[in-house]
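The structure appears below as C-alpha coordinates.
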Protein chains: 2
Amino acid sequence: METEQQHVCAAAQGCGERDNLNWLLHRAAQRMGAAMERHAVEAGVGIRGHLVLTALLDGHQQTQLALGNRLGLDKTTMTSTLDRMEQQGLIVRRPDPSDRRVRIPELTEKGRQVQAAVRLELELVERAVLEGLSTEEEAVLRRVLLRLAVPEESGASPGGSCV
Amino acid sequence: METEQQHVCAAAQGCGERDNLNWLLHRAAQRMGAAMERHAVEAGVGIRGHLVLTALLDGHQQTQLALGNRLGLDKTTMTSTLDRMEQQGLIVRRPDPSDRRVRIPELTEKGRQVQAAVRLELELVERAVLEGLSTEEEAVLRRVLLRLAVPEESGASPGGSCV
DNA sequence: TATTGTTATACTCTATAACTATA
DNA sequence: TATAGTTATAGAGTATAACAATA
(Lines give C-alpha, C1' and ligand atoms only; values in the text may rest on other atoms or scores of the structure.)
Protein backbone atom coordinates (compact mmCIF):
# COMPACT_ATOMS: atom_id res chain seq x y z
CA MET A 1 0.00 0.00 0.00
CA GLU A 2 2.83 2.38 0.68
CA THR A 3 5.87 0.86 -0.91
CA GLU A 4 6.86 4.09 -2.57
CA GLN A 5 8.56 5.95 0.20
CA GLN A 6 7.03 4.70 3.40
CA HIS A 7 6.09 8.15 4.69
CA VAL A 8 8.60 10.88 5.29
CA CYS A 9 8.34 10.90 9.05
CA ALA A 10 5.71 13.50 9.88
CA ALA A 11 7.05 17.02 9.65
CA ALA A 12 10.73 16.25 9.81
CA GLN A 13 10.54 15.87 13.56
CA GLY A 14 11.75 12.31 13.66
CA CYS A 15 10.11 9.00 12.98
CA GLY A 16 8.61 8.51 16.40
CA GLU A 17 9.91 5.97 18.84
CA ARG A 18 13.17 5.43 16.98
CA ASP A 19 14.29 8.97 17.73
CA ASN A 20 13.19 8.76 21.33
CA LEU A 21 16.31 8.23 23.39
CA ASN A 22 14.34 7.29 26.45
CA TRP A 23 12.41 4.64 24.53
CA LEU A 24 15.61 3.30 23.01
CA LEU A 25 17.17 2.97 26.45
CA HIS A 26 14.13 1.27 27.94
CA ARG A 27 13.68 -1.17 25.06
CA ALA A 28 17.36 -2.04 24.95
CA ALA A 29 17.43 -2.55 28.72
CA GLN A 30 14.22 -4.58 28.61
CA ARG A 31 15.46 -6.89 25.85
CA MET A 32 18.88 -7.40 27.32
CA GLY A 33 17.50 -7.90 30.81
CA ALA A 34 15.06 -10.54 29.61
CA ALA A 35 17.77 -12.45 27.76
CA MET A 36 20.09 -12.35 30.76
CA GLU A 37 17.41 -13.25 33.29
CA ARG A 38 16.71 -16.51 31.50
CA HIS A 39 20.34 -17.57 31.65
CA ALA A 40 20.96 -16.29 35.16
CA VAL A 41 17.99 -18.02 36.78
CA GLU A 42 19.14 -21.37 35.42
CA ALA A 43 22.48 -20.80 37.13
CA GLY A 44 20.86 -20.20 40.50
CA VAL A 45 20.22 -16.47 40.96
CA GLY A 46 18.46 -13.56 39.25
CA ILE A 47 20.28 -10.72 37.57
CA ARG A 48 19.42 -8.54 40.54
CA GLY A 49 21.06 -11.04 42.86
CA HIS A 50 24.04 -11.40 40.57
CA LEU A 51 24.47 -7.64 40.54
CA VAL A 52 24.70 -7.64 44.33
CA LEU A 53 27.06 -10.62 44.38
CA THR A 54 29.35 -8.84 41.94
CA ALA A 55 29.29 -5.64 43.96
CA LEU A 56 30.34 -7.61 47.04
CA LEU A 57 33.20 -9.29 45.18
CA ASP A 58 35.70 -6.50 45.71
CA GLY A 59 35.72 -7.07 49.46
CA HIS A 60 34.79 -3.51 50.39
CA GLN A 61 32.77 -3.67 53.55
CA GLN A 62 29.72 -1.51 53.21
CA THR A 63 26.36 -1.22 54.90
CA GLN A 64 23.19 -2.31 53.15
CA LEU A 65 22.31 1.34 52.68
CA ALA A 66 25.63 2.19 51.06
CA LEU A 67 25.38 -0.85 48.81
CA GLY A 68 21.88 0.15 47.75
CA ASN A 69 22.91 3.70 46.95
CA ARG A 70 25.80 2.42 44.91
CA LEU A 71 23.61 0.10 42.85
CA GLY A 72 20.57 2.33 42.64
CA LEU A 73 18.41 0.07 44.80
CA ASP A 74 15.98 1.29 47.41
CA LYS A 75 16.77 0.12 50.94
CA THR A 76 13.52 -1.87 51.05
CA THR A 77 14.44 -3.59 47.78
CA MET A 78 17.86 -4.23 49.26
CA THR A 79 16.33 -5.91 52.30
CA SER A 80 14.15 -8.31 50.34
CA THR A 81 16.92 -9.08 47.86
CA LEU A 82 19.39 -9.86 50.64
CA ASP A 83 16.74 -11.90 52.47
CA ARG A 84 16.42 -14.23 49.52
CA MET A 85 20.16 -14.41 48.96
CA GLU A 86 20.82 -15.19 52.62
CA GLN A 87 18.22 -17.98 52.53
CA GLN A 88 20.01 -19.38 49.49
CA GLY A 89 23.30 -19.27 51.37
CA LEU A 90 24.88 -16.83 48.94
CA ILE A 91 25.62 -14.11 51.50
CA VAL A 92 25.71 -13.56 55.24
CA ARG A 93 24.89 -10.39 57.15
CA ARG A 94 27.67 -9.66 59.62
CA PRO A 95 26.84 -7.28 62.46
CA ASP A 96 29.21 -4.35 62.82
CA PRO A 97 30.55 -4.14 66.41
CA SER A 98 31.27 -0.42 66.05
CA ASP A 99 27.68 0.45 65.09
CA ARG A 100 25.12 -2.07 66.17
CA ARG A 101 22.44 -0.67 63.89
CA VAL A 102 24.14 -1.73 60.68
CA ARG A 103 24.68 -5.10 59.05
CA ILE A 104 27.49 -5.76 56.59
CA PRO A 105 26.60 -8.19 53.78
CA GLU A 106 29.41 -10.53 52.80
CA LEU A 107 29.84 -13.23 50.17
CA THR A 108 29.89 -16.86 51.18
CA GLU A 109 31.96 -19.39 49.30
CA LYS A 110 28.79 -20.56 47.54
CA GLY A 111 28.01 -16.98 46.65
CA ARG A 112 31.42 -16.61 45.08
CA GLN A 113 30.91 -19.78 43.05
CA VAL A 114 27.47 -18.80 41.84
CA GLN A 115 28.70 -15.33 40.90
CA ALA A 116 31.46 -16.79 38.77
CA ALA A 117 29.16 -19.27 37.06
CA VAL A 118 26.48 -16.73 36.27
CA ARG A 119 29.10 -14.25 35.13
CA LEU A 120 30.23 -16.65 32.43
CA GLU A 121 26.66 -17.06 31.21
CA LEU A 122 26.03 -13.33 31.16
CA GLU A 123 29.25 -12.63 29.33
CA LEU A 124 28.11 -14.90 26.53
CA VAL A 125 24.82 -13.01 26.25
CA GLU A 126 26.60 -9.67 26.31
CA ARG A 127 29.06 -10.77 23.66
CA ALA A 128 26.24 -11.98 21.43
CA VAL A 129 24.39 -8.71 21.83
CA LEU A 130 27.45 -6.61 21.04
CA GLU A 131 28.54 -8.76 18.12
CA GLY A 132 29.32 -6.69 15.07
CA LEU A 133 30.22 -3.53 16.93
CA SER A 134 33.69 -2.08 16.52
CA THR A 135 35.93 -1.72 19.55
CA GLU A 136 35.45 2.01 19.37
CA GLU A 137 31.67 1.79 19.12
CA GLU A 138 31.54 -0.42 22.18
CA ALA A 139 33.84 1.94 24.06
CA VAL A 140 31.68 4.94 23.21
CA LEU A 141 28.55 3.06 24.23
CA ARG A 142 29.98 2.11 27.61
CA ARG A 143 31.42 5.52 28.29
CA VAL A 144 28.24 7.39 27.43
CA LEU A 145 25.99 4.98 29.30
CA LEU A 146 28.22 5.30 32.34
CA ARG A 147 27.74 9.04 32.17
CA LEU A 148 23.99 8.67 32.00
CA ALA A 149 23.87 6.02 34.70
CA VAL A 150 26.34 7.53 37.19
CA PRO A 151 26.55 11.19 36.24
CA GLU A 152 28.46 12.65 39.13
CA GLU A 153 31.39 10.26 38.90
CA SER A 154 32.03 10.43 35.19
CA GLY A 155 33.95 13.64 35.66
CA ALA A 156 35.67 12.50 38.82
CA SER A 157 37.46 9.58 37.18
CA PRO A 158 38.70 10.90 33.84
CA GLY A 159 40.96 7.92 33.21
CA GLY A 160 37.92 5.81 32.51
CA SER A 161 39.29 2.72 34.17
CA CYS A 162 38.32 1.84 37.66
CA VAL A 163 41.62 2.08 39.52
CA MET B 1 41.37 3.50 55.07
CA GLU B 2 42.29 2.55 51.54
CA THR B 3 43.50 5.70 49.87
CA GLU B 4 46.47 3.96 48.35
CA GLN B 5 44.96 2.40 45.27
CA GLN B 6 41.31 1.83 46.03
CA HIS B 7 41.40 -1.88 45.22
CA VAL B 8 42.41 -3.20 41.84
CA CYS B 9 39.00 -4.44 40.87
CA ALA B 10 38.87 -8.05 41.99
CA ALA B 11 40.83 -10.27 39.66
CA ALA B 12 40.90 -8.00 36.63
CA GLN B 13 37.35 -8.94 35.78
CA GLY B 14 35.98 -5.44 35.98
CA CYS B 15 34.90 -3.18 38.79
CA GLY B 16 31.42 -4.56 39.24
CA GLU B 17 28.32 -2.72 38.17
CA ARG B 18 30.19 -0.20 36.04
CA ASP B 19 31.23 -2.90 33.59
CA ASN B 20 27.80 -4.46 33.55
CA LEU B 21 26.18 -3.36 30.32
CA ASN B 22 22.77 -4.49 31.46
CA TRP B 23 23.03 -2.47 34.65
CA LEU B 24 24.25 0.56 32.74
CA LEU B 25 21.27 0.35 30.41
CA HIS B 26 18.78 -0.09 33.23
CA ARG B 27 20.20 2.71 35.35
CA ALA B 28 20.42 5.09 32.42
CA ALA B 29 16.86 4.28 31.37
CA GLN B 30 15.62 4.59 34.94
CA ARG B 31 17.25 7.98 35.50
CA MET B 32 16.20 9.42 32.17
CA GLY B 33 12.68 8.05 32.48
CA ALA B 34 12.26 9.57 35.93
CA ALA B 35 13.44 12.97 34.73
CA MET B 36 11.14 12.88 31.72
CA GLU B 37 8.13 11.58 33.64
CA ARG B 38 8.19 14.60 35.94
CA HIS B 39 8.09 17.03 33.03
CA ALA B 40 5.62 15.02 30.95
CA VAL B 41 3.02 14.60 33.68
CA GLU B 42 2.90 18.35 34.24
CA ALA B 43 2.10 18.76 30.54
CA GLY B 44 -0.84 16.39 30.73
CA VAL B 45 0.28 12.86 29.88
CA GLY B 46 2.82 10.26 30.99
CA ILE B 47 5.83 9.28 28.90
CA ARG B 48 4.03 6.07 28.00
CA GLY B 49 1.10 8.07 26.68
CA HIS B 50 3.38 10.46 24.88
CA LEU B 51 5.12 7.54 23.21
CA VAL B 52 1.78 6.34 21.85
CA LEU B 53 0.77 9.82 20.74
CA THR B 54 4.03 10.19 18.85
CA ALA B 55 3.63 6.84 17.18
CA LEU B 56 0.19 7.87 15.97
CA LEU B 57 1.49 11.15 14.57
CA ASP B 58 2.59 9.73 11.25
CA GLY B 59 -0.98 8.91 10.28
CA HIS B 60 -0.36 5.24 9.61
CA GLN B 61 -3.52 3.43 10.49
CA GLN B 62 -2.71 0.41 12.55
CA THR B 63 -4.54 -1.89 14.92
CA GLN B 64 -3.90 -1.76 18.65
CA LEU B 65 -2.01 -5.01 18.34
CA ALA B 66 0.28 -3.71 15.59
CA LEU B 67 0.91 -0.54 17.53
CA GLY B 68 1.78 -2.52 20.62
CA ASN B 69 4.20 -4.75 18.74
CA ARG B 70 5.86 -1.71 17.24
CA LEU B 71 6.35 -0.06 20.62
CA GLY B 72 7.09 -3.17 22.62
CA LEU B 73 3.89 -2.98 24.64
CA ASP B 74 1.78 -5.95 25.57
CA LYS B 75 -1.78 -5.82 24.19
CA THR B 76 -3.17 -5.64 27.72
CA THR B 77 -0.91 -2.69 28.51
CA MET B 78 -2.02 -1.16 25.23
CA THR B 79 -5.67 -1.48 26.22
CA SER B 80 -5.30 0.24 29.58
CA THR B 81 -3.03 2.94 28.15
CA LEU B 82 -5.51 3.72 25.37
CA ASP B 83 -8.40 3.63 27.85
CA ARG B 84 -6.85 6.44 29.86
CA MET B 85 -5.93 8.40 26.76
CA GLU B 86 -9.42 8.08 25.33
CA GLN B 87 -10.91 9.30 28.62
CA GLN B 88 -8.57 12.28 28.43
CA GLY B 89 -9.75 12.97 24.91
CA LEU B 90 -6.30 12.48 23.41
CA ILE B 91 -7.27 9.65 21.03
CA VAL B 92 -10.34 7.95 19.61
CA ARG B 93 -10.77 4.31 18.66
CA ARG B 94 -12.27 4.08 15.21
CA PRO B 95 -13.87 0.76 14.27
CA ASP B 96 -12.58 -0.77 11.05
CA PRO B 97 -15.48 -1.56 8.67
CA SER B 98 -13.48 -4.23 6.88
CA ASP B 99 -12.76 -6.20 10.08
CA ARG B 100 -15.14 -5.54 12.90
CA ARG B 101 -12.86 -7.12 15.49
CA VAL B 102 -10.22 -4.41 15.28
CA ARG B 103 -10.16 -0.82 16.46
CA ILE B 104 -7.88 1.80 14.96
CA PRO B 105 -6.58 4.39 17.44
CA GLU B 106 -6.34 7.91 16.04
CA LEU B 107 -5.14 11.23 17.37
CA THR B 108 -7.62 13.93 18.26
CA GLU B 109 -6.78 17.58 17.88
CA LYS B 110 -6.18 17.79 21.61
CA GLY B 111 -3.91 14.75 21.36
CA ARG B 112 -1.89 16.48 18.69
CA GLN B 113 -1.53 19.59 20.84
CA VAL B 114 -0.51 17.68 23.96
CA GLN B 115 2.00 15.66 21.96
CA ALA B 116 3.65 18.82 20.67
CA ALA B 117 3.75 20.47 24.08
CA VAL B 118 5.19 17.43 25.84
CA ARG B 119 7.65 16.91 23.03
CA LEU B 120 9.17 20.32 23.67
CA GLU B 121 9.57 19.51 27.35
CA LEU B 122 11.16 16.14 26.66
CA GLU B 123 13.54 17.60 24.12
CA LEU B 124 14.87 19.95 26.77
CA VAL B 125 15.48 17.03 29.12
CA GLU B 126 17.14 15.01 26.38
CA ARG B 127 19.36 17.91 25.41
CA ALA B 128 20.41 18.46 29.01
CA VAL B 129 21.22 14.77 29.41
CA LEU B 130 23.29 14.65 26.22
CA GLU B 131 25.09 17.90 26.88
CA GLY B 132 28.82 17.57 26.44
CA LEU B 133 28.69 14.70 23.98
CA SER B 134 30.19 15.15 20.54
CA THR B 135 27.96 14.81 17.49
CA GLU B 136 29.69 11.56 16.68
CA GLU B 137 29.29 10.17 20.18
CA GLU B 138 25.59 10.89 20.12
CA ALA B 139 25.27 9.31 16.69
CA VAL B 140 27.04 6.16 17.84
CA LEU B 141 24.87 6.01 20.93
CA ARG B 142 21.65 6.28 18.96
CA ARG B 143 22.74 3.82 16.30
CA VAL B 144 23.89 1.17 18.75
CA LEU B 145 20.86 1.56 21.00
CA LEU B 146 18.60 1.22 17.98
CA ARG B 147 20.33 -2.04 17.16
CA LEU B 148 19.78 -3.33 20.69
CA ALA B 149 16.20 -2.09 20.87
CA VAL B 150 15.00 -3.12 17.38
CA PRO B 151 17.44 -5.77 16.24
CA GLU B 152 15.74 -7.12 13.16
CA GLU B 153 15.34 -3.77 11.45
CA SER B 154 18.84 -2.46 11.92
CA GLY B 155 20.03 -4.52 8.99
CA ALA B 156 16.92 -3.94 6.91
CA SER B 157 17.38 -0.17 6.79
CA PRO B 158 21.10 0.34 6.25
CA GLY B 159 20.75 4.03 5.49
CA GLY B 160 20.12 4.68 9.14
CA SER B 161 17.45 7.29 8.56
CA CYS B 162 13.81 6.38 8.62
CA VAL B 163 12.81 6.98 5.02
C1' DT C 1 16.62 13.94 67.35
C1' DA C 2 18.65 11.34 63.45
C1' DT C 3 19.88 6.93 61.22
C1' DT C 4 19.92 1.62 59.87
C1' DG C 5 17.22 -1.73 58.76
C1' DT C 6 12.65 -4.10 58.70
C1' DT C 7 7.82 -4.43 57.77
C1' DA C 8 3.51 -3.05 55.68
C1' DT C 9 1.29 -0.91 51.99
C1' DA C 10 0.36 0.69 47.46
C1' DC C 11 0.99 1.76 42.71
C1' DT C 12 2.91 0.71 38.30
C1' DC C 13 4.55 -2.44 34.83
C1' DT C 14 4.42 -6.86 32.84
C1' DA C 15 2.69 -11.39 31.66
C1' DT C 16 -0.82 -15.09 31.54
C1' DA C 17 -5.15 -16.82 31.02
C1' DA C 18 -10.06 -16.55 30.28
C1' DC C 19 -13.59 -14.37 27.84
C1' DT C 20 -16.24 -11.83 23.71
C1' DA C 21 -16.97 -10.92 19.23
C1' DT C 22 -15.70 -11.56 15.15
C1' DA C 23 -13.25 -13.94 11.17
C1' DT D 1 -10.27 -22.98 14.62
C1' DA D 2 -7.86 -18.63 14.92
C1' DT D 3 -7.54 -13.63 15.85
C1' DA D 4 -8.42 -8.61 18.08
C1' DG D 5 -9.48 -6.74 21.99
C1' DT D 6 -11.06 -6.77 26.87
C1' DT D 7 -10.99 -8.18 31.60
C1' DA D 8 -9.15 -10.41 35.71
C1' DT D 9 -5.34 -11.86 38.13
C1' DA D 10 -0.77 -12.44 39.72
C1' DG D 11 4.23 -11.29 39.87
C1' DA D 12 7.80 -8.33 39.86
C1' DG D 13 9.87 -3.39 40.72
C1' DT D 14 9.63 0.78 43.11
C1' DA D 15 8.25 4.14 46.51
C1' DT D 16 6.40 5.87 51.00
C1' DA D 17 5.46 5.58 55.68
C1' DA D 18 5.59 3.49 60.20
C1' DC D 19 8.29 1.08 63.35
C1' DA D 20 12.35 -0.92 66.37
C1' DA D 21 16.91 -0.57 67.69
C1' DT D 22 20.66 2.24 68.11
C1' DA D 23 23.44 6.43 67.63
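Note on naming: letters A, B, ... go to the chains in the order of the sequence lines (proteins, then strands), and numbering restarts at 1 for each one.
- Protein atom CG of A:L67 is 13 Å distant from nucleotide atom C1' of C:dG5, rounded to whole Å.
- Contact check for A:L141 versus B:L141: side-chain heavy atoms found under the 4.5 Å cut-off.
- Separating the CZ atom of B:R70 from the C1' atom of D:dA4 is a distance of 19 Å, rounded to the nearest angstrom.
- A residue-by-residue look at A:R100 and A:E37 shows that A:E37 has its nearest nucleotide of DNA chain D further toward the 5' end.
- Put simply, A:L24 and B:V125 are part of the same group of oily side chains (I, L, V, M, F, W, Y) that touch within less than 4.5 Å, one to the next.
- Here the P atom of nucleotide D:dT3 and the CG atom of B:D99 are 12 Å apart, to the nearest Å.
- You'll find the side chain of B:V150 stays beyond 4.5 Å of the side chain of A:E17, heavy atoms only.
- Here B:T63 lies in heavy-atom contact (under 4.0 Å) with sugar-phosphate atoms only.
- Separating the CZ atom of B:R103 from the P atom of C:dA21 is a distance of 13 Å, rounded to the nearest angstrom.
- In this structure, the CG atom of A:L73 is 16 Å from the P atom of D:dA12, given to the nearest Å.
- A:R27 and A:Q30 are linked by a side-chain donor-acceptor pair at a separation below 3.5 angstrom, with hydrogens and angles left out of the test.
- Separating the CG atom of A:D74 from the P atom of C:dA8 is a distance of 16 Å, rounded to the nearest angstrom.
- In this structure, the CG atom of A:L71 is 12 Å from the P atom of D:dT14, given to the nearest Å.
- Checked for salt-bridge contact, B:R70 and B:D58 meet the test: a charged N lies under 4.0 Å from a carboxylate O.
- Counting heavy atoms from C-beta outward, B:T63 and B:D99 have side chains that stay 4.5 Å or more apart.
- Listed by residue number, the members of residues 80-97 of chain B with any heavy atom below 4.0 angstrom from DNA chain C form an empty set.
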Please walk me through it: do A:E42 and A:R38 pass salt bridge (charged side-chain N to carboxylate O under 4.0 Å, His left out)?
CA-CA 7 Å; A:E42 291 174 12; A:R38 286 193 293 273; over 6 Å; no
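- The main-chain N or O of B:M78 is never found under 3.5 Å from a side-chain atom of B:Q64 such that the two would form a donor-acceptor pair.
- Between atom CZ of residue A:R48 and atom CG of residue A:L53 there is a gap of 12.5 Å, rounded to the nearest 0.5 Å.
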Set out, line by line, the N/O atom pairs under 3.5 Å between protein and nucleotides 18-20 of chain C.
none

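- Contacts between residues 23-33 of chain A and DNA chain D, defined by a heavy-atom separation under 4.0 Å, are absent.
- OP1 or OP2 of D:dG13 has not a single side-chain nitrogen or oxygen of A:T77 nearer than 4.0 Å.
- Separating the CD atom of B:Q64 from the P atom of D:dA4 is a distance of 11 Å, rounded to the nearest angstrom.
- Under 4.0 Å is where a charged nitrogen must lie from a carboxylate oxygen, and between B:E126 and B:R142 at least one such pair does.
- Residues A:R101 and B:Q62 each lie close to DNA chain D; by heavy-atom proximity, the contact nearer the 5' end of the strand is made by B:Q62.
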For the pair A:E131 and A:R127, evaluate salt bridge (charged side-chain N to carboxylate O under 4.0 Å, His left out) and give the outcome as yes or no after the intermediate values.
CA-CA 6 Å; A:E131 194 186 17; A:R127 231 173 283 167; over 6 Å; no
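- Atom-to-atom distance recorded for A:L130:CG and A:T135:OG1 is 11.0 Å, nearest 0.5 angstrom.
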